[in-house]
Every structure is written in structure tokens, then in C-alpha cells.
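Notes follow once the structure below has been shown.
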Protein chains: 2
Amino acid sequence: MSTPARPASGRGTRVRGTRQAEALASVLGSLPGFLSAQQIHAELGRRGERIGLATVYRHLQVLSEDGRVDTIREASGEILYRQCRSEAHHHHLICRVCGASVEVEGRAVEQWAAKVAAEAGFTAVDHTVELFGLCPRCGTP
Amino acid sequence: MSTPARPASGRGTRVRGTRQAEALASVLGSLPGFLSAQQIHAELGRRGERIGLATVYRHLQVLSEDGRVDTIREASGEILYRQCRSEAHHHHLICRVCGASVEVEGRAVEQWAAKVAAEAGFTAVDHTVELFGLCPRCGTP
DNA sequence: CCAGTTAATGAATATGATTCCCACTATCGT
DNA sequence: ACGATAGTGGGAATCATATTCATTAACTGG
């Protein structure tokens with residue numbers, strides 16, 4: 001036997017372990033900032049993996065639905081993806097220039113949101129909070 | 001003379017007072033929530049104004065650049081527009097169901113953002129904050 | 001180890017919002 | 001009223017993302 005099966009993702013997923021899924025995970029795991037689907041696709045090509053753009057989109061969609069990658073929307077409307085460390089709810093501080101990002105937690109924001117919502121009589125409140133700026137490297141020429 | 005000119009927007013804008021601009025302003029002024037360009041275009045048609053979609057987009061773009069309307073991005077990526085009361089910086093609490101919105105200020109959030117950014121060494125930090133929930137009417141069946 | 005089952009792939013095509021093009025029209029200064 | 005020119009609008013262009021469907025290949029039972 002030699003534990004033949006499950007060469008891929010390892011988990012008890014209903015997903016087949018494919019070369020493409022592994023390559024995508026590898027890229028997400030090795031690059032630090034937020035990337036667009038197209039950038040990820042390009043990086044895959046650069047690494048010699050010839051993977052269809054549709055497949056990249058498909059995987060990213062599933063991964064983000066499962067909460068395994070976080071997404072933000074750029075000013076242009078393009079979606080950027082990033083594999084995140086913490087499972088817990090958090091926000092991002094993102095460099096406008098290089099895309100580097102820091103995960104930040106926002107207890108203060110959660111509380112503020114809850115208070116404001118309650119005052120207005122709103123329920124089931126969700127929120128989006130993202131911070132954009134210049135990281136130390138890009139902001140200090 | 002009889003102060004003939006300036007039939008349109010009134011302000012010292014460099015924009016010509018056109019029928020289309022007035023109609024658009026009228027729609028924005030009379031509808032309460034956030035609307036997509038297409039919804040606004042449809043409403044204009046409903047009111048008997050035959051205005052090109054391109055013109056609607058053009059005006060909305062200028063208005064939002066001038067800060068005369070606020071914009072948010074729906075989950076689908078579509079941009080929603082709304083004429084806002086206050087010139088001052090503010091955020092929105094928006095009903096997921098009916099689109100109604102309340103303007104909220106977020107001193108607490110601004111301060112939190114500034115602090116978090118400073119700690120990470122980021123500069124020139126900007127932020128996006130939007131709250132989505134169910135308004136009193138839509139949340140209480 | 002092999003063949004069959006079926007999910008996964010990907011090239012091409014579709015979609016849908018937004019923008020661009022450009023000939024035509026209407027506003028405003030004179 | 002006239003002319004310069006900003007504004008208009010129909011349609012084509014763009015661009016990210018979704019979908020289709022025939023083909024490929026990952027797992028599974030034998």
C-alpha cells in the first residue's frame with residue numbers, strides 16, 4: 001500500500017488532488033501580498049505551470065468561499081486574493097504601491113460597528129474595513 | 001438683463017446647464033438609497049427622460065469625483081451612487097434588502113485606523129468602511 | 001497493475017458593467 | 001441670430017469574471 005492515495009491537499013476534501021490545485025496553493029503560499037487572478041496566472045506560467053485562466057478563477061472562487069483566502073476589491077474593481085494566516089476575523093492594511101499587507105484586528109471597529117448599528121435599529125450587521133497606505137519601504141524614498 | 005443666464009445647476013460650475021444634467025440631479029435628489037447607474041437610467045426613462053446610458057455614467061463619474069455623490073461597491077462589483085447630505089467625511093450603514101442607508105460618522109474608526117497604521121509604519125493611510133445590515137423595517141417581519 | 005467512473009481542466013465563448021469613439025446637437029457668449 | 005465648443009448618445013470596445021462542453025486524468029474497485 002504505502003498510503004498511496006491522497007497525494008494532494010491531504011485534508012478530507014472532496015476535491016481531487018490535481019497538479020493545478022497544488023501549483024496554485026504553492027503560489028499563494030509563497031507570495032506575500034494581495035494578487036489578482038491574472039497575476040497569479042502569470043506567476044504560474046513563469047514557474048512553468050501551464051494552467052488555464054478559468055481554472056485559476058475556479059479555484060480562487062472556491063478557496064475564498066471556504067475562507068481559505070481573503071479577498072479585497074481594488075479601486076478599479078478587480079478582485080485581489082491572498083492566503084491568510086489567521087482563521088479569525090481580521091482586516092488588512094495594504095500598501096498601495098507594492099501590495100504588501102499586514103493583517104490587523106479591529107476589536108475597536110467591531111464594537112463601533114455594533115454600537116452604530118444598534119443605535120440605528122439595524123440588525124445582522126456585517127462590515128467591510130480595509131486600510132490602504134504606503135508601507136515603510138514604499139513611503140520612505 | 002433680468003439675470004437671464006444660469007438656468008441650470010445654479011452654482012458657478014463650468015458645466016453647462018443641460019436637460020440631462022438637471023434630470024439626473026432630480027432623480028438623485030428624490031430617491032433615498034444607493035442606486036446603480038443602470039437603475040438611475042431606468043428611473044430616468046420611467047420619468048419620460050430619454051437619456052443615453054453613457055451620459056448617465058459620465059455625469060455620475062464627474063459627480064463622484066467632485067464629491068457630490070458617494071459611491072460604494074456592491075458584492076457583485078457594481079457601483080452604487082447616492083447623493084449625500086454632508087460634505088464631511090462619513091461612512092454608511094446600508095440595508096442589504098431595500099438599499100436604504102444611514103450616514104454615520106466614525107471618529108472612533110479614524111482614530112483606530114491612524115493608530116494601527118502608525119504602529120505598522122504605514123503612511124498616507126486611507127480607509128474604506130461600510131456597514132451592511134437589515135434596517136428596522138426589513139429586519140422585523 | 002488496469003480499466004472505468006467522473007471530477008477537473010481549459011480553450012473558446014458568453015456576460016455584464018463601464019468606457020470609448022465620434023459624428024451630431026444644443027448651450028452660451030457675443 | 002451665429003458660431004465655437006461642450007455635451008450627447010448609440011454602438012462598439014474593453015476588461016474581469018463566469019460558463020460551456022469536449023477532453024483529460026485522478027481515484028477506486030477489481
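Quick note: numbers below take in every heavy atom, side chains included, and nothing from hydrogens, waters or symmetry partners. Each chain gets a letter, A, B and so on, in the order its sequence line appears, and its residues count up from 1.
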From [options], nucleotide with atom closest to [X] side chain:
X	options	answer
A:A54	D:dT17, C:dA12, D:dT8	C:dA12
B:E78	C:dT18, C:dG10, D:dT17	C:dT18
B:I79	D:dT19, D:dG9, C:dT18	C:dT18

Please report, rounded to the nearest Å, how far the [atom2] atom of [N] is from the [atom1] atom of [X].
X	N	atom1	atom2	answer
A:R73	D:dC15	CZ	P	18 Å
A:L60	C:dG10	CG	C1'	15 Å
A:E74	C:dA17	CD	P	20 Å
B:E22	D:dG7	CD	P	14 Å
B:L53	D:dG7	CG	P	18 Å
A:I51	D:dA25	CD1	P	13 Å
B:Q61	D:dT8	CD	C1'	15 Å
B:R58	D:dG9	CZ	P	8 Å

#### Entry: B:E130 (side chain) donor-acceptor with B:H92 (main chain) under 3.5 angstrom
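Yes.
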When you check the phosphate oxygens OP1 and OP2 of [N], does a side-chain N or O of [X] lie under 4.0 Å from one of them?
X	N	value
B:Q20	D:dG9	yes
B:Q38	C:dA17	yes
B:Y57	C:dT18	yes
B:H59	D:dG7	no
A:T18	D:dA25	no

### Query
In terms of the angle between their ring planes, are A:H127 and A:H89 parallel, tilted or perpendicular, with boundaries placed at 30° and 60°?
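Ring orientation, 0 to 90° scale: perpendicular.
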### Task
Check whether the side chain of B:R19 and the base of D:dG7 form a donor-acceptor pair under 3.5 Å.
no
### Message
Distance criterion of 3.5 Å, no angle test: do you see the side chain of A:R50 paired donor-to-acceptor with the base of C:dG10?
### Response
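It does not, because no donor-acceptor pair links the side chain of A:R50 to the base of C:dG10 below 3.5 Å.
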### Presence of salt bridge, B:E110 and B:R107, under 4.0 angstrom
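A salt bridge is absent here (no side-chain N lies under 4.0 Å from a carboxylate O).
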### Message
I'd like to know if the side chain of A:S26 pairs up with that of A:R47 as donor and acceptor (distance under 3.5 Å, no hydrogens or angles considered).
### Response
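Yes.
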## Note on the structure
Between B:A37 and A:G52, the residue closer to the 5' end of DNA chain C by nearest nucleotide is A:G52
### Task
Flag the pair A:Q83 / A:L31 as yes when at least one side-chain heavy-atom distance between them is below 4.5 Å, and no otherwise.
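Of all side-chain heavy-atom pairs linking A:L31 with A:Q83, none is under 4.5 Å.
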